[in-house]
Structure formats: structure tokens, C-alpha cells
S.K.: 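Sharing a structure below in C-alpha cells format, with a few things to ask.
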Amino acid sequence: MEDKRKHIVVLTGAGISAESGIRTFRDSNGLWEEHDIMEVASPEGWRKNRELVLKFYNLRRAQMAEVEPNAAHKALSELEKAYRVTVITQNVDDLHERAGSTNIVHLHGELTKVRSSMDPALIYEWGYKELNPGDKCEKGSQLRPHIVWFGELVPEIERAADISRSADIFMVIGTSLQVYPAAGLMHYAPSHAAVYVIDPNAHELGAGPRVKIIAATATEAVPQLVQQLLNEA
Ligand code: APR
């Protein structure tokens, strides 16, 4: 049977996890937990120093195990009571899953997965464990984090664009919209779709006429907007 519910598409970035205790990228001056981003999140960095890259993501995985989804992640999962919801996240953490959202596209990969450094189709569930030099895929090559690094293609982008085209409501939460192609997704939303942008610095993000800017943090603004949308459903 056709699903007649309205489709809400939510694009999230580092800002939605900030209040869970995970630092955003661009709030730390190009340094990411004290590292130059290119050293730890690029194919060049991986070629130069695998140990450093593996250690960096081991720390991210360990940190993820210690934090909890916040009120914004949880509110988004409530939307599924009355809407068809797709969360397209740039985040590599699993806080949307743990908050109960069931339909999530991870544009930039997932910390809980690893993949072969030779064959990108060999992807494995890894959980919160450390990944170390010498951990290999079934074909014998070193495993790497299942993360889209700078300079790499974003395999899920076509699917995310198609999803965005079918939005009735489009929400953008906690992303500086500096990194393409993710930053362009809201422009695929059809002209009838209402667009909400939630970010304490949202006024800098360049709004169009149909964009409703909510300059507040995710935990302040998302539960309120979700309640409003549930009342309207
Ligand atoms: N609630 C909502 N938004 C917040 C909060 C908060 N509590 N705190 C900060 N923000 C906003 C910031 O104002 C900023 O606009 O979150 C945004 C975070 O932006 P970035 O650090 O650039 O993160 P993001 O947009 O997710 O980065 C995109 O870049 O580094 C790469 O691949 C990585 O997925 C990442 C991509």
C-alpha cells in the first residue's frame, strides 16, 4: 500500500551531536581533536601514517561509546509516529540509531564499520573495538575505518539526492554547510517543501525565502519543532 504520510528529510551535521559531548569540526580552528584534519582524514594521511589514523579513529570510537544521544536525536525519532522520516547524516557516530531513528543514510561513513583498504565492497561490522595495524580483510589487506575522507567520493550522494527530491519538509540541523556535496542537498528539495535550518549560527548560512531559520542549539530547538510538526500532522 502506498505510504500517504508526509516525508520529512533531515540533514544533520556535527552540531546535533555537540550537546552529547562530541566536538564539531569547524569550531576548533581546522584542528580536529588536536590534529590537522588532513593528517587523519585523507588518503594522503593514511598513506603517510596509518598508525596515527587508526589511533585517531580508535579514540573516536571509544569516545562514542561513552556519550549518549541527546534530546534532539530523540525528538527526531519521535517524528516517525506520524511521518515518513529519512535522516541523512554527515556524522559518523551512531547516536541517531541509538535514539531510535530507523531510516538513516550515513553520507560520510560509520565509525562502527571498517572496510578493506583494497576492495571497498568488503565492509564489516566492527562495533566499538580498536582497529589496529595487522587487522586484515579476508583477502589479506589492512582494514581501514569505513569513513569517507577528504578527496574521496561520497557513494551515497545519489541516493541522498533522490531522497531529498521527495521531501515535503526538509530540516537542516547543526551543519556549517561547508562541505560538498552534502551541503547542496537542501537544494534538491521541491519548491513546495518547507525548509527549517536549526543552528546557533544559522543566520550566517545564507537563507532563501522559503527557509525558516531557527538560531538556537539542537536540544533547544529540535524538540520544540518536532512537537509542532506532530501537532500539525
Ligand atoms: N546545536 C546545533 N548546531 C550547533 C551546535 C548545537 N549545540 N553547536 C554547534 N553547532 C553548529 C555550528 O554553528 C556549525 O554550523 O554545528 C555546525 C558544525 O559545523 P561543522 O563543524 O563544519 O560540522 P559539519 O557541517 O558536520 O561538517 C561537515 O566536514 O569535517 C568534515 O566529514 C566531516 O561530516 C563532516 C563534514
Side-chain angles (χ1 to χ4, degrees), residues 9-46 53 56-57 59-61 63-64 67-76 87-96 99 104-113 144-157 160 164 170-187 195-207 211-226:
V9 178
V10 191
L11 174 67
T12 66
I16 196 168
S17 296
E19 289 161 278
S20 289
I22 300 181
R23 259 209 271 170
T24 62
F25 306 100
R26 282 165 194 83
D27 293 334
S28 45
N29 294 326
L31 289 182
W32 189 7
E33 300 284 356
E34 277 61 63
H35 291 284
D36 176 337
I37 285 184
M38 296 309 277
E39 298 264 296
V40 292
S42 72
E44 293 76 24
W46 174 248
V53 174
F56 175 78
Y57 285 100
L59 289 172
R60 304 281 71 74
R61 237 177 265 114
Q63 179 189 40
M64 182 171 68
V67 302
E68 296 291 336
N70 63 46
H73 299 101
K74 290 181 191 156
L76 289 179
V87 176
I88 303 174
T89 187
Q90 298 166 86
N91 299 341
V92 296
D93 66 54
D94 62 357
L95 295 178
H96 285 301
I104 305 162
V105 178
H106 278 275
L107 274 184
H108 295 163
E110 290 170 78
L111 277 170
T112 54
K113 293 184 178 161
R144 57 163 275 183
H146 182 51
I147 303 284
V148 176
W149 286 328
F150 286 97
E152 294 188 315
L153 293 174
V154 180
E156 293 280 44
I157 196 67
S164 303
F170 198 97
M171 288 164 66
V172 178
I173 307 169
T175 170
S176 60
L177 298 173
Q178 301 265 314
V179 173
Y180 282 82
L185 282 174
M186 63 193 278
H187 303 299
V195 179
Y196 298 91
V197 175
I198 296 174
D199 190 302
N201 300 308
H203 45 275
E204 293 167 15
L205 298 176
V211 180
K212 298 181 182 67
I213 298 278
I214 306 173
T217 73
T219 67
E220 287 162 1
V222 179
Q224 223 176 323
L225 177 58
V226 165

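Order of listing sets the numbers, starting from 1, for every ligand and every atom in it. Count residues from 1 along the sequence. Worth saying up front: this structure is predicted, and the values here are computed from it rather than measured.
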S.K.: Please check if the number of heavy atoms outside Gln224 that lie under 6.0 Å from its CD is greater than 12.
M.R.: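 Open: at most 12 neighbouring heavy atoms sit under 6.0 Å from CD of Gln224.
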S.K.: Are the side chains of Trp149 and Val53 in touch, meaning some heavy atoms are under 4.5 Å apart?
M.R.: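 Trp149 reaches Val53 side chain to side chain.
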S.K.: Where's the contact between Gln90 and ligand 1, heavy-atom distance under 4.0 Å: side chain, backbone, both or neither?
M.R.: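 The answer is both, backbone and side chain.
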S.K.: Answer yes or no: is there a donor N or O on one side and an acceptor on the other, between the side chain of Asn91 and the main chain of Asp93, under 3.5 Å?
M.R.: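 The answer is no, because no donor-acceptor pair under 3.5 Å joins these two groups.
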S.K.: Report, in ascending order of atom number, the atoms of ligand 1 lying under 4.0 Å from any heavy atom of Ala218.
M.R.: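 The list of qualifying atoms is 1 (N), 2 (C), 6 (C).
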S.K.: Say whether Ala14, considering both its backbone and side-chain N or O atoms, lies within less than 3.5 Å of an N or O atom on ligand 1.
M.R.: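 Yes, since at least one N or O of Ala14 sits under 3.5 Å from an N or O of ligand 1.
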S.K.: For Asn91 and ligand 1, does the shortest N/O to N/O distance drop below 3.5 Å?
M.R.: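 No; the residue has no nitrogen or oxygen that sits under 3.5 Å from a nitrogen or oxygen of the ligand.
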S.K.: Side chains of Leu76 and Ile173: does their closest heavy-atom pair fall under 4.5 Å?
M.R.: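 Sidechains of Ile173 and Leu76: in contact.
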S.K.: Donor-acceptor pair, Ser17 side chain versus Ser20 backbone, under 3.5 Å?
M.R.: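 Answer holds: no.
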S.K.: What pairs meet the salt bridge (Lys or Arg N to Asp or Glu O under 4.0 Å) rule with one or both residues in residues 145-156, with sequence neighbours excluded?
M.R.: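 Listed by first then second residue: Arg144-Glu152, Glu156-Arg159.
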S.K.: Do any heavy atoms of Glu19 fall under 4.0 Å from ligand 1?
M.R.: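 Heavy atoms of Glu19 do come under 4.0 Å of ligand 1.
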S.K.: Below 4.0 Å, non-hydrogen atoms only: which portion of Val179 touches ligand 1? Side chain, backbone, both or neither.
M.R.: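 Side chain only.
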S.K.: Is there any N or O on Asp199 that sits under 3.5 Å from an N or O of ligand 1?
M.R.: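 N/O-N/O distance under 3.5 Å: yes.
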S.K.: Nearest non-hydrogen atom to atom 4 (C) of ligand 1 belongs to which of Ser176, Ala18, Ala202, Pro200?
M.R.: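 Minimum heavy-atom distance to atom 4 (C) of ligand 1 goes to Pro200.
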S.K.: Short list, please: which atoms of ligand 1 are under 4.0 Å from a heavy atom of Gly13?
M.R.: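 Those atoms are 26 (O).
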S.K.: Within the 4.5 Å heavy-atom criterion, are Thr89 and Ile16 side-chain neighbours or not?
M.R.: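 Side chain of Thr89 against side chain of Ile16, heavy atoms only: no contact under 4.5 Å found.
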